[in-house]
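Everything on this sheet refers to the single structure shown next.
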Amino acid sequence: MEVNISAWWLLVLPLVYIPLCVWGAIKIQANYFIPSVSQARTNEKVVALSFDDGPLPEYTPLVLDILRQEQVPAAFFCIGKNIPENDELLERIHAEGHVIGNHSWCHDFWFDLYSSKRMQLDLDRMQEQVESVLGITPRLFRPPYGVTNPNLATAVEKEGLVSVGWSIRSLDTVAKDEAVLLQKILDALHPGAVILLHDTCSITAAILPRLIKGIREKGYRLERIDKLLKIPAYA
């Protein structure tokens with residue numbers, strides 16, 4: 001009987017453990033492989049906007065124009081390979097008071113299969129790129145696709161970065177209907193929320209003025225992510 005029970009557990013444990021690891025890898029808020037800050041613990045009606053995947057000339061300038069007009073600070077988690085041909089946009093992001101975070105150098109589709117050493121080299125290359133343009137060292141890091149694993153945990157620790165997630169995922173990269181996207185975000189608002197957007201999407205730039213207005217009409221204040229989360233933005 002003991003042999004049968006033991007054999008049964010040998011079959012059951014992988015069936016439980018593997019899905020659990022997959023869930024932990026794709027749900028950054030679970031803090032399964034890496035401690036990630038995805039929202040602020042507060043009852044105050046305050047939220048932060050964050051934009052991934054830039055800087056790019058198509059929509060990043062428009063997003064910046066809107067943020068400047070509305071006097072809203074935000075965070076831009078930038079991809080390093082986009083910077084060399086758009087360093088003036090990086091300079092503008094910084095000059096206009098927004099936070100710059102590390103979103104990897106390559107944002108490769110296969111990034112999550114890299115070794116920890118290769119991941120670290122990738123993250124470090126992004127750090128060096130920002131340092132060469134602005135003379136600052138980002139401390140905030142958002143994993144590509146929001147996926148974490150043990151190799152990334154090692155790389156993040158060695159780079160001295162803080163993993164930052166989100167509590168409202170807009171899915172603006174696949175959204176088609178402006179009204180639906182806008183309402184989805186507004187309906188999900190909660191105190192301390194970090195909102196994930198992309199400064200590479202036309203739909204995001206299109207709804208941004210209405211989003212900011214809607215957030216304020218609901219009684220929320222927009223704060224810069226480092227101040228909301230109480231984490232220094234730079235090393």
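Computation of the quantities below employed the complete heavy-atom set of this structure, encompassing side-chain atoms and omitting hydrogens, waters and symmetry-equivalent molecules. Predicted model only: the values in this text are computed from it and were never measured.
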Thr137 vs Glu131, side-chain hydrogen bond (donor to acceptor under 3.5 Å, both in side chains): CA-CA, chis, key distance, verdict: CA-CA 6 Å; Thr137 304; Glu131 290 168 0; 2.8 Å; yes
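- Each of Lys213, Arg216, Arg210 was scored for a salt bridge (Lys or Arg N to Asp or Glu O under 4.0 Å) with Glu70, with one residue passing: Arg216.
- The main-chain N or O of Ala74 is found under 3.5 Å from a side-chain atom of His98 such that the two form a donor-acceptor pair.
- With hydrogens and angles ignored, the 3.5 Å screen pairs a side-chain donor or acceptor of Asn149 with a backbone N or O of Asp112.
- Distance check, rounded to the nearest 0.5 Å: CG of Asp172 to CG of Leu182 gives 12.0 Å.
- Checked by atom type and distance alone, the side chain of Arg139 never pairs as donor or acceptor with a backbone atom of Ala235 at under 3.5 Å.
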Derivation of the salt bridge (charged side-chain N to carboxylate O under 4.0 Å, His left out) call for Asp65 and Arg92: CA-CA 10 Å; Asp65 288 345; Arg92 181 181 172 187; 2.5 Å; yes
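- Side-chain atoms of Glu178 never come within 3.5 Å of backbone atoms of Ile203 as a donor-acceptor pair (strictly under, hydrogens ignored).
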side-chain contact (heavy atoms from CB on, under 4.5 Å) assessment of Asp177 paired with Leu181: CA-CA 6 Å; Asp177 188 301; Leu181 175 60; over 6 Å; no
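- Ile231 and Trp166 fall within a single hydrophobic cluster, where Ile, Leu, Val, Met, Phe, Trp and Tyr side chains are chained together by heavy-atom contacts under 4.5 Å.
- Looking at Asn82, its side chain does come within 3.5 Å of a backbone N or O of Asp53 through a donor-acceptor pair.
- Both Phe76 and Val37 belong to a single network of hydrophobic side chains, linked directly or stepwise wherever heavy atoms of I, L, V, M, F, W or Y lie under 4.5 Å apart.
- With hydrogens and angles disregarded, no donor-acceptor distance shorter than 3.5 Å links the side chain of Arg224 to the backbone of Ala48.
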Met119 and Val156: CA distance, side-chain angles, deciding distance, side-chain contact (heavy atoms from CB on, under 4.5 Å) verdict: CA-CA 9 Å; Met119 284 181 174; Val156 167; over 6 Å; no
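- Other residues, nucleotides and ligands place more than 12 heavy atoms under 6.0 Å from the CD atom of Glu96.
- In this structure, the side chain of Asn31 engages the main chain of Ser36 through a donor-acceptor pair within 3.5 Å.
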Intermediate values then yes/no, side-chain contact (heavy atoms from CB on, under 4.5 Å), Thr154 and Gln120: CA-CA 8 Å; Thr154 299; Gln120 185 182 354; over 6 Å; no
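- In this pair, Tyr234 and His94 present their aromatic rings perpendicular. The plane angle is above 60°, beyond the 30 to 60° band.
- The backbone N or O of His107 sits nowhere less than 3.5 Å from a side-chain atom of Lys81 that would complete a donor-acceptor pair.
- One finds no salt bridge joining Arg125 and Asp122 here, because no Lys/Arg side-chain nitrogen approaches an Asp/Glu carboxylate oxygen to under 4.0 Å.
- A side chain to side chain contact (heavy atoms under 4.5 Å, CB included) with Ile93 is found for one member of Val99, Leu67, Leu64, Leu134 and no other, namely Leu64.
- With rounding to the nearest 0.5 angstrom, the OG1 atom of Thr42 is 11.0 Å from the CD atom of Glu223.
- Ring-plane geometry between Tyr114 and Phe111 is classed as tilted, the angle between the planes lying from 30 to 60 degrees on a 0 to 90 degree scale.
- Residue-environment remark: CD (Glu157) stays at or below the threshold of 12 foreign heavy atoms within 6.0 Å.
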side-chain contact (heavy atoms from CB on, under 4.5 Å) assessment of Tyr59 paired with Asp199: CA-CA 6 Å; Tyr59 302 111; Asp199 57 313; 5.7 Å; no
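- Atom CD1 of Ile28 and atom CZ of Arg169 lie 9.0 Å apart (nearest 0.5 Å).
- Within a 6.0 Å radius of CG in Asn43, no more than 12 heavy atoms belonging to other residues, nucleotides or ligands are found.
- Counting heavy atoms from C-beta on, the side chains of Gln127 and Leu161 come closer than 4.5 Å.
- Remark: the backbone N or O of Val194 is paired with a side-chain donor or acceptor of Ser167 at under 3.5 angstrom.
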